[in-house]
Amino acid sequence: MEYNFNEIEKKWQRFWAENRTFGAENRSPKPKYYILDMFPYPSGAGLHVGHPLGYIASDIYARYKRLKGFNVLHPMGYDAYGLPAEQYAIQTGQHPAKTTEQNINRYREQLDKLGLSFDWDREVRTCDPRYYKWTQWTFIQLFKHYYDNNAQKAMPISKLVETFEKEGNANVNAACDEKTPQFTAAEWSNFSEKERQEILMHYRIAYLSDSMVNWCAGLGTVLANDEVVNGVSVRGGYPVERKLMRQWSLRVTAYAERLLKGLDEVEWSESLKEIQRNWIGRSEGASVFFPIEGDNRSFEIFTTRPDTIFGVTFMVLCPEHEMIAEITTSEQKAEVEAYVTWAKNRSERERQAEVKKVSGVFTGAFAVNPLTKERIPIWVSDYVLAGYGTGAIMAVPAHDSRDFAFARHFNLPIIQVVVPDGEQPEDTDTWSESKDSKSGTCINSDFINGMPVKKAITAVIDRLVEMGIGQRKINYRLRDAIFSRQRYWGEPFPVYYKDGIPYIMDESELPLMLPEVESYLPTSTGEPPLARAKDWTYKGCPIDYNTMPGFAGSNGYYLRYMDPHNDKEYFSAEAAGYWQCVDLYVGGIEHATGHLLYSRFWNKFLHDIGKSCVEEPFRRLVNQGMIQGRSNFVYRIKGSNKYVSLHLKDNYETDPIHVDINIVDNDVLDLEKFRQWRPEFADAEFILEDGRYICGYEIEKMSKSMFNVQNPDDIVEKYGADTLRMYEMFLGPIEQSKPWDTKGIEGVSRFLKKCWKLYHNADNNFCVSDEEPTAEELKILHRTIKKVSEDIEKMAYNTSVSTFMICVNELTDLKCGKRKILEPLCILLSPFAPHICEELWQLLGHTESVTFATFPTWDEKYLAENNCNYAVSFNGKTRFVVSLPSDMPKEEVERQVLQMPDTQKWLQGNTPKKVIVVPRKIVNIVI
RNA sequence: GCCCGAGUGGCGGAAUUGGUAGACGCGUCGGUCUCAAAAACCGAUGAGGUUAAACUCGUGCCAGUUCGAUCCUGGCCUCGGGUACCA
């Protein structure tokens, strides 16, 4: 073998490990660059070819940046806490720590084979006590702080206590629970310890509360909103119900505005930013108080359309609304109570499935429209949600589709108050749907008649403020993150309970180690597995039995990489000051509303308390696409053990059967291997076409059950890591999802062989000449440098690979074996194919790794085109193209073109009326 | 329903963002070498048309702007993603 990749790759991987070639220094005169991959959850299945896509992409960038003179931090670790390890433990009794360790070792082995330039000295594992100590530490800080809306940042809770002691909480503007009571300084001083702690809990950023949670009985735990899709759990697909439980939450909503604003500062894809914006769901509107008829109280609603207040024909409360019992009339009481009970018992999935079904009940009570003084019936319906706004709405059926459906169903009046642009007022009885458009002119609306909607909104709010019954308000769809899980394999809470009051452990006693238990199941009384731990107490008090959710450990891992061995603090101020933030983050888009949001929140908080240096943790983010599987099929004739080739299958009645892609080559089935594959195929018969069995294919998710998993180890074994790296990049743009297809890999493999030959003579001896390169050779080199540099910056690696191929083909044609061309080319290629380039670099006579070389720069003088193409058009129709010097003046171009025989031919004897010359582009002749 | 994004040969994908569409790779066909095969190398390859050329049509569809549109504008179709009683 001429190019022995197996030997070369092993040699250099060992060299890099022994020499710590990719170690990053926390002090360096070089500029810093931090490149991060989303660390993997080490599952039992190992890596398939889809996983390394992002790792290879970031590795190329990391190697490129090193060559560009940057001190590059490129770490890797493991998100090691999680459900699969625990479920495996429940089934087999094996400790999750053990299986996790095994999986990590397997992952490491696979990653090492790819030649990724990670600084493994900085590895972190979220389940390591030396790591989760700091997850617990951050939780303690979250507990000890509250969010001050005036300062727009987190402040120590002790400051809040000072204010309470001085003046109570009347003037405190902080993020807190809706139900926080008001009190004076005197009342505060008279409160018991328990009462004080309860009040403070309303303000803490990490707080304990009875909240409606997503309870998943199948998993035996609660889940965060982003872990639930369509009423079932993302993991496992078990049904989820709403349940009131005492849980830890993080007050993420306090940061809603900053999370939204921060998106404008980062270089992320527009689609990802949109996903986060929608998830945060900011909407501007007004809160309005509607008095209750015959009662001196009123209730608050939220609306984004205060301009439609003259079209309100009824009000709706959510079934959980606390005023229902108080306002319902005695005649309606039974009916209302029955409805409320029914609505509360309905599962989340039922409710979501029956969204179109209208239900509700009249309370018998009336509200008064504060502007018209009209009486408006108050209804209860579950189309109004408890968790958003105030759980009560003013219904404008003419201009809201949900209110419209409700009004039609219960025969309530519909009044048009907005006429969309270009329309006339209509009889609402004839409508089949409401007119929800936010542009139009107001009618039937007293003082805002004739105003456009936008102006009317402001006018109504101004009036409501004047009357003291409303104000401008901004609402968010974002909810606080539920932070407890009733699971074993996670970080324990550093919290103990004394007299039923939760207290935080002393920071000096961290980490609070995860205790051993005999079984990983919940206890018979339904308590989390940690309740099984023996002698697990703190100062004689019980410790919280919950653990933190999967996303806890990944929130701040990028910060720990900056200073991973620090046992005094999370990370030093010096390390954070040097590395600042992640410059380039590469990972999957599936974390858009989970990790990427929580992590930003976590960082903002750490920034507020002076730990993290910057507000936004991830400056540039690239989402690599998914690699899908390409499944192969054989077609079995019904009721037989006979298999028919793809293009003949329509002549028979067949069943498609998944077949292992490892016994198929370019869609051609290996008949022998197929017979050996499974006993039932041992005596299979075939109907062939052209002597071969052709399999069908389909693009599906890569999964074991579809026998379409491509293991990277096999590819590395057969073609080498450099080929795999380049091929994965050549497949298409990084951000795009695409099917894995081994067909094209031969092309890349050939390219690397050609590359090797460029540096070797016919006898496979290394051979470069010291001859001076020709102008043509220099042009090829500099064109390549330019294109590759620009493409790497954009991470358009697929075109870089093409550029290399063209370059090597051209140099091969010229038989160019000149050092002055091949040396820079070797550096240029090394981020993509590091092993072969290290070998060539050594053969070129260098003793240091190519990692420490300098990336070549291009010189325009070798690129200047002497000629450029002009398209020659007649009356706008381009007829031919001519090549003229690019610096030729317009007048000369015009003169020369007009003299050309082709021009004369197309003029057909006519005289040109006008000639337009667009420099370097076109000559248009008008006849 | 609402909000994003994308539609280019047999396939993956290029195109200096308004200037010769289809780079590069795969596949296919033909050839060189060989007893043969593999490997390697050379040539052809959007469609129609012709002995060959000329020429015509071609970037989801329909219009528009322009001397000129894969690129800009408007409308539609299809696919992918997000979200879903959020008032």
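So you know, we letter chains A, B, ... as the sequences are listed, proteins then strands, and number each from 1. Worth knowing before you read on, the calculation uses all heavy atoms, side chains too, and leaves out hydrogens, waters and symmetry mates.
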Using the [atom1] atom as the reference point in each nucleotide, state the distance between [N] and [M] in Å, no decimals.
N	M	atom1	result
rG22(B)	rA14(B)	P	15 Å
rC41(B)	rC24(B)	P	15 Å
rU65(B)	rC71(B)	C1'	14 Å

Original post:
So, T253(A) and D480(A): side-chain donor and acceptor under 3.5 Å apart, yes or no?
Top reply: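 A pair is found: one side chain offers a donor N or O, the other an acceptor, under 3.5 Å apart.
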**OP:** Please identify each residue that fulfils side-chain contact (heavy atoms from CB on, under 4.5 Å) with I785(A), with sequence neighbours left out.
**Re:** L781(A), H782(A), S789(A), L828(A), P856(A), W858(A)
**OP:** Sequence neighbours left out, what passes ring pair (Phe, Tyr, Trp, His ring centres under 6.0 Å) with F804(A)? Give chain and number order.
**Re:** F832(A)
Is there any protein nitrogen or oxygen under 3.5 Å from a nitrogen or oxygen in nucleotides 3-13 of chain B, and what are the pairs?
residue : atom : partner : partner atom : Å
rC3(B)  : O2'  : E274(A) : OE1          : 3.4
rG12(B) : O2'  : L731(A) : O            : 2.6
rG13(B) : OP1  : Q736(A) : NE2          : 2.4
rG13(B) : O3'  : N798(A) : ND2          : 3.3

Subject >> Proximity to the side chain of R477(A) - top-ranked nucleotide from rC26(B), rA84(B), rG25(B) >> reply: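 The listed nucleotide nearest to R477(A)'s side chain is rA84(B).
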Original post:
How should the glycosidic conformation of rG75(B) be described, syn or anti, under the criterion that syn lies within 90° of 0?
Top reply: anti
Original post:
List RNA chain B stems (3 or more consecutive Watson-Crick/G-U pairs, under 3.5 Å)?
Top reply: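 Output for stems: B:1-7 with B:77-83, B:10-12 with B:24-26, B:27-32 with B:40-45, B:46-48 with B:55-57, B:60-64 with B:72-76.
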**OP:** Enumerate the residue pairs fulfilling side-chain hydrogen bond (donor to acceptor under 3.5 Å, both in side chains) with a member in residues 726-738 of chain A, sequence neighbours excluded, ordered by first and then second residue.
**Re:**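 Listed once each, the pairs would be none.
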Do any side-chain atoms of residues 589-598 of chain A form donor-acceptor pairs under 3.5 angstrom with protein atoms, and if so which ones, sequence neighbours left out?
residue : atom : partner : partner atom : Å
H595(A) : NE2  : Y585(A) : OH           : 2.7
Y598(A) : OH   : D226(A) : OD1          : 2.7

**OP:** Under 4.0 Å between any heavy atoms, over every strand shown, what does K754(A) touch: base, sugar-phosphate, or nothing? Just pick one.
**Re:** sugar-phosphate
Original post:
Checking all strands, does D382(A) fall into the base, sugar-phosphate, or nothing category for heavy-atom contacts under 4.0 angstrom?
Top reply: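 Contact class for D382(A): base.
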